[in-house]
Amino acid sequence: MSESSVLFEAHELKKHYPVKGGMFKPEQTVKALDGVSFQLERGQTLAVVGESGCGKSTLARSLTLIESPTSGELRFDGQDILSLGHHGAHELRKRIQIVFQNPYGSLNPRKKVGQLLEEPLIINTNLTKAQRREKARAMMEKVGLRPEFYNRYPHMFSGGQRQRIAIARGLMLEPDIVIADEPVSALDVSVQAQVLNLMMDLQEEMGLSYIFISHDLSVVEHIANQVMVMYLGKVVEHGRKEAIFSHPRHPYTQALLSSTPRLDPDNRVEKIKLEGELPSPLNPPSGCAFHARCRFASDICHKTTPQLKDYDGVRIACHAVDEDRI
Ligand code: SF4
């Protein structure tokens with residue numbers, strides 16, 4: 001990856017939460033994000049996948065500074081965001097926007113679409129009322145909503161249309177990066193494809209980069225350039241989409257992919273049943289956090305945490321891969 005094309009970069013990003021112990025119990029720490037690193041190039045999409053509780057939503061909130069990371073580096077266009085003062089961080093935040101899963105929750109039901117779209121402009125720009133209105137109507141058109149709906153309330157729209165409104169709102173400040181946290185999970189499958197296609201069209205038109213958070217690999221297959229698989233706050237496998245989908249090597253990625261419906265019969269694989277639940281991040285297993293659910297686990301996996309290593313451009317954290325058993 002050439003230095004100049006990297007737009008957004010995280011290095012060893014951590015988010016730890018202190019959790020009060022009960023009576024006579026010491027305070028504990030939840031490592032929701034435990035040393036996540038990646039690079040995102042301009043105009044590209046990085047998909048972050050894993051079961052709920054793996055840390056992907058904490059990652060989304062940390063990348064947009066909704067929550068401050070505990071440690072690590074976050075660089076945007078070469079600038080270290082976390083070391084910037086309040087004003088600098090505020091300026092950069094305009095260029096990184098987030099779209100949430102649930103447009104019911106993220107859109108104020110008492111505000112009309114026009115107001116919802118113009119709000120970011122009121123807060124962040126000096127545009128006149130007429131200019132704001134013009135921009136809002138133009139954006140509605142861009143996301144496939146009729147500008148005549150400017151005075152309607154969110155409840156008057158379908159789920160898919162509401163997600164279009166949420167995307168339009170995220171784009172009002174013309175950001176460089178959109179962090180999309182499960183943006184289509186609440187939608188019917190038929191509507192999911194429309195919203196994904198819209199996101200891809202907007203990406204091309206506006207030169208956007210996406211970080212696309214999802215538990216669903218079949219959704220990710222459409223939109224991603226890179227796929228990063230997380231398990232209990234850590235990255236377990238990360239590489240180009242084609243490599244991950246055609247030859248997943250980490251046992252967790254293999255299990256996730258085997259339960260994903262595939263259109264291409266050549267890519268269908270034997271279903272691997274993922275036994276057990278995601279362990280509690282309050283009490284993570286020793287060694288590799290996946291060992292209790294892994295069919296390749298050996299002694300070392302119970303004791304030593306595998307480190308992410310590069311295997312032909314794919315980063316994988318697994319002793320069995322390291323020992324060439326997979
Ligand atoms: Fe399985 Fe061991 Fe690899 Fe963890 S390190 S995924 S337990 S083989």
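The residues of the chain are indexed from 1 along the displayed sequence. Remember, it's 1-based here, ligands and their atoms both numbered in the order they're listed. Since the structure is predicted, the reported quantities are computational estimates derived from the model, not experimental observations.
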**Prompt:** Are a donor atom and an acceptor atom from the side chains of Thr45 and Gln203 found within less than 3.5 Å of each other?
**Reply:**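 Per modelled atom types, Thr45 and Gln203 side chains form a pair under 3.5 Å.
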**Request:** Test Tyr17 against every option in Leu282, Thr70, Thr58, Thr29 by the side chain to side chain contact (heavy atoms under 4.5 Å, CB included) rule and name the one that passes.
**Result:**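 Running side chain to side chain contact (heavy atoms under 4.5 Å, CB included) over Leu282, Thr70, Thr58, Thr29 with Tyr17 returns exactly one hit, Thr58.
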**Request:** Run through the protein N/O/S atoms less than 2.8 Å from atom 2 (Fe) of ligand 1 and write them out by chain and number.
**Result:**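 Metal shell, protein only: Cys301 SG.
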**Cation-pi check, Arg133 onto Tyr150 ring (under 6.0 Å, within 45° of axis)** =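 Cation-pi check for Arg133 and Tyr150: passes.
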**Pi-cation contact, Phe8 with Arg75 (under 6.0 Å, within 45°)** =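 No - Arg75 does not lie over the ring of Phe8 by the 6.0 Å and 45° rule.
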**Message:** Quick test of your reading of the model: are Glu141 and Arg146 salt-bridged, counting only N-O distances below 4.0 Å?
**Reply:**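 Result for this pair is no, no salt bridge flagged.
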**Request:** Give the atoms of ligand 1, by number and element, whose distance to some non-hydrogen atom of His250 is under 4.0 Å.
**Result:**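 Per the distance check, 6 (S).
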**Message:** If we check side chain to side chain donor-acceptor pair (under 3.5 Å) with Gln226, which of these qualifies: His238, Lys241, Glu41, Gln39?
**Reply:**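 It is His238, the one option of His238, Lys241, Glu41, Gln39 that forms the side chain to side chain donor-acceptor pair (under 3.5 Å) with Gln226.
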